[in-house]
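We use all heavy atoms of the structure for the numbers below, so side chains are in, but hydrogens, waters and symmetry mates are not.
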Amino acid sequence: MRLDQFLKVSRLVKQRSVAKRVCDAGLVSVLGRNARAGLVVGVGDELTLNMRDRFLRVVIRTIPTGNVRKEQARRLYEIIEEKDVSAY
């Protein structure tokens with residue numbers, strides 16, 4: 001699954017177009033390397049999102065095959081580290 005699509009389906013980012021812009025801006029890395037929106041991600045990949053107000057590191061646990069309900073989206077990944085950087 002494409003990185004931008006996974007970010008949207010997992011609800012880490014609200015819209016796919018925003019996910020693409022975030023990736024293109026270099027704010028997302030996969031396995032420690034800056035990632036483009038079209039990168040294919042899989043189970044076990046570690047994602048790092050360095051957004052405006054938060055830093056988030058997650059590991060992909062499941063790749064969905066279709067639409068995902070809001071309640072199920074949180075099960076697609078496991079949070080390793082999360083920081084609220086708005087206070088800094």
Side-chain angles (χ1 to χ4, degrees):
M1 174 177 274
R2 288 174 51 109
L3 175 58
D4 59 343
Q5 187 176 9
F6 180 81
L7 291 173
K8 194 263 185 219
V9 169
S10 65
R11 299 184 193 305
L12 289 168
V13 177
K14 291 186 179 188
Q15 298 174 344
R16 189 168 175 185
S17 60
V18 173
K20 182 180 181 334
R21 279 186 267 147
V22 168
C23 291
D24 291 345
L27 301 176
V28 179
S29 63
V30 176
L31 300 173
R33 303 175 109 176
N34 282 350
R36 301 199 44 116
L39 178 71
V40 176
V41 293
V43 174
D45 287 350
E46 184 179 303
L47 308 178
T48 304
L49 288 88
N50 193 4
M51 304 286 272
R52 179 182 319 156
D53 58 346
R54 70 178 181 162
F55 173 84
L56 188 65
R57 211 168 85 206
V58 301
V59 173
I60 298 174
R61 291 292 170 216
T62 306
I63 298 293
T65 55
N67 292 333
V68 176
R69 290 178 179 243
K70 186 176 183 179
E71 302 82 33
Q72 297 170 332
R74 177 61 182 87
R75 296 185 195 135
L76 299 177
Y77 59 91
E78 176 186 339
I79 296 176
I80 298 172
E81 182 180 4
E82 183 175 19
K83 295 180 187 174
D84 180 19
V85 294
S86 62
Y88 296 109

Inset, instruction - Decide yes or no on side-chain contact (heavy atoms from CB on, under 4.5 Å) for Val13 and Leu49, but give the supporting numbers first. - result: CA-CA 10 Å; Val13 177; Leu49 288 88; 4.2 Å; yes
Inset, instruction - For the pair Glu82 and Arg57, find out whether any cationic side-chain nitrogen is under 4.0 Å from an anionic carboxylate oxygen. - result: no
Inset, instruction - Compare all side-chain heavy atoms of Leu7 with those of Cys23 and state whether any distance is below 4.5 angstrom. - result: yes
Inset, instruction - Check whether any side-chain heavy atom of Pro64 lies under 4.5 Å from a side-chain heavy atom of Met1, and answer yes or no. - result: yes
Legend entry - Side chains of Leu31 and Asp45 in contact at under 4.5 Å (non-hydrogen atoms): yes
Inset, instruction - Taking all heavy atoms of Val30 and all of Ala35, pick out the closest pair and write down the distance. - result: CG2-CB, 3.6 Å
Legend entry - Gln5 and Arg16: CA distance, side-chain angles, deciding distance, side-chain contact (heavy atoms from CB on, under 4.5 Å) verdict: CA-CA 6 Å; Gln5 187 176 9; Arg16 189 168 175 185; 4.1 Å; yes
Inset, instruction - For the residue pair Lys70 and Arg11, establish whether any side-chain heavy-atom pair is separated by less than 4.5 Å. - result: yes
Inset, instruction - Could you please spell out the steps behind the side-chain contact (heavy atoms from CB on, under 4.5 Å) verdict for Asn34 and Val28? - result: CA-CA 6 Å; Asn34 282 350; Val28 179; over 6 Å; no
Inset, instruction - Starting from the C-alpha separation in whole Å, work towards a yes-or-no answer on side-chain contact (heavy atoms from CB on, under 4.5 Å) for Leu76 and Phe6. - result: CA-CA 9 Å; Leu76 299 177; Phe6 180 81; 4.1 Å; yes
Legend entry - Test applied, side chain to side chain contact (heavy atoms under 4.5 Å, CB included); reference residue, Leu3; option that passes from Val40, Val41, Val22: Val41
Legend entry - Between CZ on residue Arg52 and CG on residue Leu27, distance to nearest 0.5 Å: 10.0 Å
Inset, instruction - Could you tell me the separation between the CG atom of Asp53 and the NZ atom of Lys83, rounded to the nearest 0.5 Å? - result: 14.5 Å
Legend entry - Side-chain touch Val59/Ile80, heavy atoms, less than 4.5 angstrom: yes
Legend entry - Pairwise side-chain contact, Lys14 with Lys8, heavy-atom cut-off 4.5 Å (strictly under): no
Inset, instruction - Answer yes or no: does atom CZ of Arg36 have more than 12 heavy-atom neighbours from other residues, nucleotides or ligands under 6.0 Å? - result: no
Inset, instruction - Compare all side-chain heavy atoms of Thr48 with those of Phe55 and state whether any distance is below 4.5 angstrom. - result: yes
Legend entry - Within-4.5 Å side-chain heavy-atom neighbours: Arg74 and Ile79: yes
